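Down below is the structure, laid out as structure tokens.
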Amino acid sequence: MTVLSEAALNLRVVDMTARFDNIGETVIQDVGAATGYRLLQWKVVAPYEGAVMGRFQYDEWYELQAAQWSMVKYAYDFLKTVRHSRLAFHAHPLLTRNWTPHVHCEPQLGTPTHSHYRFPEVTIYEALEEHQRWWASDTDLTCSALYPLET
């Protein structure tokens, strides 16, 4: 789990915003810093020849604990609109489990074979790298190498 100082979290915002700005139009929200429960959200539209090729939405939730921001959940989603597919890396509580990293894999958006697949925790950088790799490819999303997560 990620734990960051105020300064490190602010640098993360700047760094990730710059990375997303290289992809497309980026909208960022940074909500709740004064409350001790903070949401960082990046929404990015990836253009392609006059259309939208993909949409990134990266959300991170933090709680302030002992002057450090501790990540309590994340959701790193990418919709490849030209293929009507979704690949999302999440970590949050699921039913009786606490922090549970998993992936959502939908080769056809809205019709997943399974709700959640087992997957190790990923960093925001690893998720972006994987999403960009798939975004740049001309292939369909496949979930055949993934195992369902029993919740």
Side-chain angles (χ1 to χ4, degrees), residues 1-46 52-81 83-135 141-151:
M1 187 165 20
T2 303
V3 178
L4 300 168
S5 68
E6 181 77 25
L9 189 56
N10 290 334
L11 283 174
R12 183 184 190 90
V13 170
V14 170
D15 178 49
M16 290 310 301
T17 301
R19 290 172 191 253
F20 285 126
D21 280 345
N22 286 329
I23 294 170
E25 181 183 333
T26 305
V27 175
I28 181 172
Q29 289 189 2
D30 185 350
V31 180
T35 69
Y37 190 78
R38 190 169 181 178
L39 166 65
L40 299 177
Q41 181 181 76
W42 295 269
K43 290 184 178 181
V44 184
V45 174
V52 174
M53 184 175 194
R55 295 182 186 278
F56 297 78
Q57 181 170 327
Y58 280 41
D59 300 341
E60 295 182 333
W61 292 264
Y62 293 87
E63 283 184 352
L64 190 60
Q65 301 172 353
Q68 299 281 324
W69 289 101
S70 297
M71 185 184 294
V72 293
K73 61 183 174 177
Y74 65 75
Y76 306 137
D77 286 58
F78 176 62
L79 302 175
K80 193 168 185 178
T81 54
R83 299 243 185 233
H84 306 286
S85 302
R86 172 183 179 227
L87 180 63
F89 302 99
H90 289 185
H92 54 80
L94 285 176
L95 297 176
T96 60
R97 298 175 183 217
N98 290 326
W99 177 268
T100 307
H102 58 279
V103 68
H104 297 266
C105 184
E106 297 178 49
Q108 183 59 44
L109 192 59
T111 57
T113 303
H114 299 283
S115 296
H116 304 94
Y117 291 92
R118 286 187 275 167
F119 210 82
E121 184 175 337
V122 297
T123 68
I124 194 169
Y125 306 103
E126 292 166 333
L128 182 57
E129 183 178 314
E130 187 61 33
H131 285 150
Q132 286 183 297
R133 184 179 300 115
W134 179 45
W135 173 41
L141 181 62
T142 178
C143 309
S144 60
L146 299 172
Y147 295 95
L149 175 65
E150 303 299 327
T151 53

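Residue numbers start at 1 and run along the sequence shown. Owing to the predicted nature of the structure, the values given are computational and were not obtained by experimental measurement.
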For Cys143 and Tyr117, the nearest pair of non-hydrogen atoms, with its separation, is CB-OH, 4.0 Å

Set out, in order, the CA-CA distance, both residues' side-chain angles and the distance that settles side-chain contact (heavy atoms from CB on, under 4.5 Å) for Gln41 and Gln57, then state yes or no. CA-CA 7 Å; Gln41 181 181 76; Gln57 181 170 327; 3.0 Å; yes

Considering residues at least two apart in sequence or located in another chain, which fulfil the side chain to side chain contact (heavy atoms under 4.5 Å, CB included) criterion with Ser5? Ala7, Ala8, Gln68

Identify, with sequence neighbours excluded, every residue that meets side chain to side chain contact (heavy atoms under 4.5 Å, CB included) alongside Thr123. Tyr125, Glu126

Residues pairing under salt bridge (Lys or Arg N to Asp or Glu O under 4.0 Å) where one sits in residues 2-16, two or more places apart or in two chains, turn out to be Glu6-Arg38, Arg12-Glu60, Asp15-Arg19

Would you give the length of the straight line joining atom OG1 of Thr111 to atom CG of Leu109, rounded to the nearest 0.5 angstrom? 7.5 Å

Judged by atom type as modelled, is there a donor-acceptor pair below 3.5 Å linking the side chain of His92 to the main-chain atoms of Thr100? no

Tyr74 OH to Thr2 OG1 distance, which is reported to the nearest 0.5 Å: 8.5 Å

Glu25: what forms a side chain to side chain contact (heavy atoms under 4.5 Å, CB included) with it, not counting sequence neighbours? none

Please report the interatomic distance OH(Tyr76) to CD1(Ile124), rounded to the nearest 0.5 Å. 4.5 Å

I'd like to know if the side chain of Tyr58 and the backbone of Leu128 have a donor-acceptor N/O pair within less than 3.5 Å. yes

Taking all non-hydrogen atoms of both residues into account, name the closest pair between Pro101 and Pro120 and its distance. CB-C, 3.8 Å

Give me the ring orientation class for His102 and His90: parallel if the planes are under 30° apart, tilted from 30 to 60°, perpendicular past 60°. perpendicular

If I take atom NZ from residue Lys73 and atom CG from residue Leu39, how far apart are they, to the nearest 0.5 angstrom? 9.0 Å

What is the ring orientation for Trp135 with Phe56, classed by angle as parallel under 30°, tilted 30 to 60°, or perpendicular over 60°? perpendicular

With no hydrogens and no angle check, is any side-chain donor or acceptor of Thr81 less than 3.5 Å from a backbone partner on Met53? yes

Nearest heavy-atom contact between Ser85 and Trp134 is CB-CH2, 3.4 Å

Any idea which heavy atoms bring Ala127 and Val122 closest together, and the distance? CB-CG2, 4.1 Å

Euclidean distance, Ile23 CD1 relative to Gln132 CD, rounded to 0.5 Å: 4.0 Å

Rounding to 0.5 Å, atoms CG (Leu141) and NE2 (His84) come to a distance of 13.5 Å

Side-chain (His114) to main-chain (Leu149) donor-acceptor, under 3.5 angstrom: no

Does anything in residues 98-120 form a salt bridge (Lys or Arg N to Asp or Glu O under 4.0 Å)? List the pairs, not counting sequence neighbours. Arg86-Glu106

Which residues pass the side chain to side chain contact (heavy atoms under 4.5 Å, CB included) test with Ile28, sequence neighbours left out? Val13, Thr17, Trp42

